[in-house]
Protein chains: 2
Amino acid sequence: MLRTNTAFLQFVEQLFEDKQAGNAIQLKSFAAGAHLIRQGSIISQVYIIREGITKCYIAEDNGKDYIFEFLGTGEITGELEAINKGACLSNITALTPVTVFTIPHNRFMALLRSYPEFNELLLKVLAARIYQTCIRTSYQQLYPVEYALLRLLSLEASQQTFFSKKDMAAYLGISVRSFNRTLKDLREKNILDKEGLNIDLSKEQLEQMIKRFEDA
Amino acid sequence: MLRTNTAFLQFVEQLFEDKQAGNAIQLKSFAAGAHLIRQGSIISQVYIIREGITKCYIAEDNGKDYIFEFLGTGEITGELEAINKGACLSNITALTPVTVFTIPHNRFMALLRSYPEFNELLLKVLAARIYQTCIRTSYQQLYPVEYALLRLLSLEASQQTFFSKKDMAAYLGISVRSFNRTLKDLREKNILDKEGLNIDLSKEQLEQMIKRFEDA
DNA sequence: CTGGGAGTGGGACAAATGTCCCGTTTAATT
DNA sequence: AATTAAACGGGACATTTGTCCCACTCCCAG
């Protein structure tokens with residue numbers, strides 16, 4: 001859910017240090033809540049997150065948002081636009097203070113050509129995103145919200161991160177009301193510890209809980 | 001919805017002709033209904049569709065399927081597995097008789113390195129898939145089924161393709177019953193021409209729909 | 001402090017979607 | 001032509017989810 005990529009970050013850090021290769025790479029900072037990228041706009045750099053957490057989401061014109069992913073350290077964004085030269089697909093906003101490396105599109109594409117290793121890292125990122133997105137989409141479409149919610153909570157717990165309910169609901173593609181309701185149902189079924197939302201599930205445990213729901 | 005990619009196909013055709021570069025590339029055929037790839041299995045080639053239409057879907061263990069995309073001429077599949085070396089994400093089955101080029105993983109990766117042009121074509125494919133998937137997912141999560149259905153029908157009409165209701169429902173992530181119901185509602189609202197599936201929207205809905213159809 | 005805004009929690013009702021089921025149509029096979 | 005399996009269409013009912021609304025807390029700028 002919160003994606004990070006140390007290998008990628010390391011590579012970019014190195015480039016940045018390098019007088020030669022790094023000359024067009026810059027650092028930029030954003031306050032929490034600031035927009036890094038605005039959906040529909042045209043940008044001319046890619047961003048690699050050095051520090052902080054962002055959310056990546058589409059705002060539909062019925063006023064609802066859908067969050068695709070939370071991007072953390074080492075994640076790249078704006079790369080689709082560099083590759084396909086289109087308008088920005090989504091919004092990126094900072095959830096915490098954020099620092100990024102920026103690389104101009106043409107430089108970025110050139111780097112891909114000159115550093116096969118970098119190119120391969122990017123291929124892996126893209127492949128991983130497709131992979132994850134597919135799994136998540138399928139899951140969210142074909143299972144009741146309850147399952148997706150448990151899964152999300154479990155991820156959140158394992159990553160020690162916490163998001164607002166609004167964001168969590170937007171990540172699940174549901175209303176905050178549904179989110180709350182489902183949470184309450186789970187609580188009443190004693191599935192969640194009432195103290196906090198600390199659930200600490202392994203995949204097997206999750207399976208078990210899901211099975212338990214079935215009879216009740 | 002039905003993706004195709006002539007540039008990619010051409011490139012692979014050329015490789016195939018080339019004695020040197022094409023020596024590991026093979027042709028393979030499948031009857032309609034056959035599995036090209038089975039979810040969870042391990043494969044060692046990528047497939048590029050030369051002819052025919054396939055569906056790419058995940059089967060969840062509650063018995064439901066989610067179709068990500070219909071892949072046609074020039075589309076590649078199995079590439080995620082080549083890049084990330086994991087088990088197959090999804091099933092690929094032939095909807096029509098299908099002929100594919102197969103390229104062994106290591107050969108495929110080598111080709112990416114030796115042909116920057118090929119590498120770039122692949123980057124574009126991956127980027128386009130992420131792009132499309134994001135748009136579609138968001139749309140399907142945040143709008144009533146009615147909209148997604150209209151969009152799907154319009155795409156289908158514009159591409160002159162026809163899929164079974166089961167497949168269309170699986171593409172939308174809903175049950176066949178819901179699919180039928182929504183279709184009926186639309187018919188009763190005179191939104192659809194009864195003759196064929198000629199979309200004939202009226203009123204503001206038309207404008208809104210058109211706008212959305214454009215990008216996909 | 002203090003008023004306002006954002007986040008939270010949930011009741012009541014409406015709308016959307018799923019499940020179960022059965023009769024009909026279509027298409028392919030014998 | 002007869003038979004069968006699959007696809008289609010939809011009724012009845014249950015469940016899920018959304019919308020609208022209000023009350024409560026918390027926090028911060030004035």
Side-chain angles (χ1 to χ4, degrees), chain A residues 31-33 55 60-67 93 95-96 137-153 156 162-189 192 194-197 210 213-216, chain B residues 31-33 55 60-67 93 95-97 137-153 156 162-189 191-192 194-197 205:
Chain A
K55 64 173 173 178
E60 296 288 352
D61 34 82
N62 61 5
K64 300 180 180 178
D65 291 348
Y66 185 74
I67 296 179
T93 67
L95 292 182
T96 66
T137 304
S138 171
Y139 195 81
Q140 287 186 358
Q141 290 272 354
L142 303 184
Y143 283 90
V145 169
E146 198 159 289
Y147 295 2
L149 176 51
L150 269 176
R151 181 182 236 208
L152 173 58
L153 290 175
E156 215 176 359
F162 294 94
F163 302 111
S164 76
K165 302 229 160 170
K166 209 175 92 188
D167 282 347
M168 288 197 273
Y171 183 80
L172 295 174
I174 61 178
S175 65
V176 176
R177 181 68 190 92
S178 297
F179 184 90
N180 273 324
R181 179 166 26 217
T182 309
L183 208 51
K184 192 184 156 217
D185 291 348
L186 290 177
R187 258 190 251 115
E188 278 166 7
K189 289 183 196 165
L192 292 180
K194 270 156 207 145
E195 306 301 300
L197 293 180
I210 286 168
F213 296 162
E214 250 111 81
D215 357 322
Chain B
K55 66 174 171 178
E60 296 288 352
D61 34 81
N62 61 5
K64 300 179 182 179
D65 291 348
Y66 184 73
I67 296 180
T93 65
L95 291 181
T96 66
T137 304
S138 171
Y139 194 82
Q140 288 186 359
Q141 290 272 355
L142 303 185
Y143 283 91
V145 169
E146 198 160 290
Y147 293 173
L149 176 51
L150 271 175
R151 179 185 236 207
L152 173 58
L153 291 175
E156 215 175 0
F162 178 71
F163 302 111
S164 75
K165 301 232 160 171
K166 208 174 92 189
D167 282 347
M168 288 197 274
Y171 183 81
L172 295 174
I174 61 177
S175 66
V176 175
R177 182 68 190 93
S178 296
F179 184 91
N180 274 323
R181 180 167 24 219
T182 309
L183 208 51
K184 192 184 157 218
D185 290 349
L186 290 177
R187 257 190 252 115
E188 278 165 8
K189 289 185 197 160
I191 306 251
L192 292 180
K194 271 157 207 144
E195 305 301 300
L197 293 180
Q205 275 178 328

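Not measured: the values here are computed from a predicted model. Chain A is the first sequence line, chain B the second, and so forth, proteins listed ahead of strands; every chain is numbered from 1.
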Can you identify which nucleotide, out of [options], has its nearest atom closest to the [X] side chain?
X       : options                   : value
K64(A)  : dT17(C), dG18(D), dT17(D) : dG18(D)
K166(A) : dC8(D), dG7(C), dG18(D)   : dG7(C)
K184(B) : dG9(C), dG11(D), dC8(D)   : dG11(D)

Please give, in whole Å, the distance from [N] [atom2] to [X] [atom1]?
X       : N       : atom1 : atom2 : value
I174(B) : dT17(D) : CD1   : P     : 15 Å
L142(B) : dT17(D) : CG    : C1'   : 13 Å
K165(A) : dC26(D) : NZ    : P     : 14 Å
E146(A) : dT16(D) : CD    : C1'   : 11 Å
Q140(B) : dG18(D) : CD    : P     : 15 Å
L172(B) : dT17(C) : CG    : P     : 10 Å
L183(A) : dG7(C)  : CG    : P     : 17 Å
F163(B) : dA7(D)  : CZ    : C1'   : 17 Å

Phosphate OP1/OP2 of dC8(D): any N180(B) side-chain N/O under 4.0 Å: no
Tell me whether the OP1 or OP2 atom of dT17(D) has a side-chain N or O from S178(A) closer than 4.0 Å. no
If only side-chain N and O atoms count, and only distance matters, is there a donor-acceptor pair under 3.5 Å linking Y143(B) with D61(A)? yes
Short side-chain donor-acceptor distance under 3.5 Å, Y171(B) and D65(B): no
Of all the heavy-atom pairs spanning S138(A) and E60(B), show the shortest one and how long it is. OG-OE2, 2.6 Å
On a heavy-atom basis, the closest approach of L183(A) and K165(A) is CD2-NZ, 3.4 Å
How would you label the contact of V176(B) with the nucleic acid (heavy atoms, under 4.0 Å): base, sugar-phosphate, or nothing? nothing
Whether the side chain of R181(B) and the base of dG18(C) hold a donor-acceptor pair under 3.5 Å is what I'd like checked. yes
Any donor-acceptor pair under 3.5 Å joining the side chain of R177(A) to the base of dG11(C)? yes
Is any side-chain heavy atom of R177(A) closer than 4.5 Å to one of N180(A)? yes
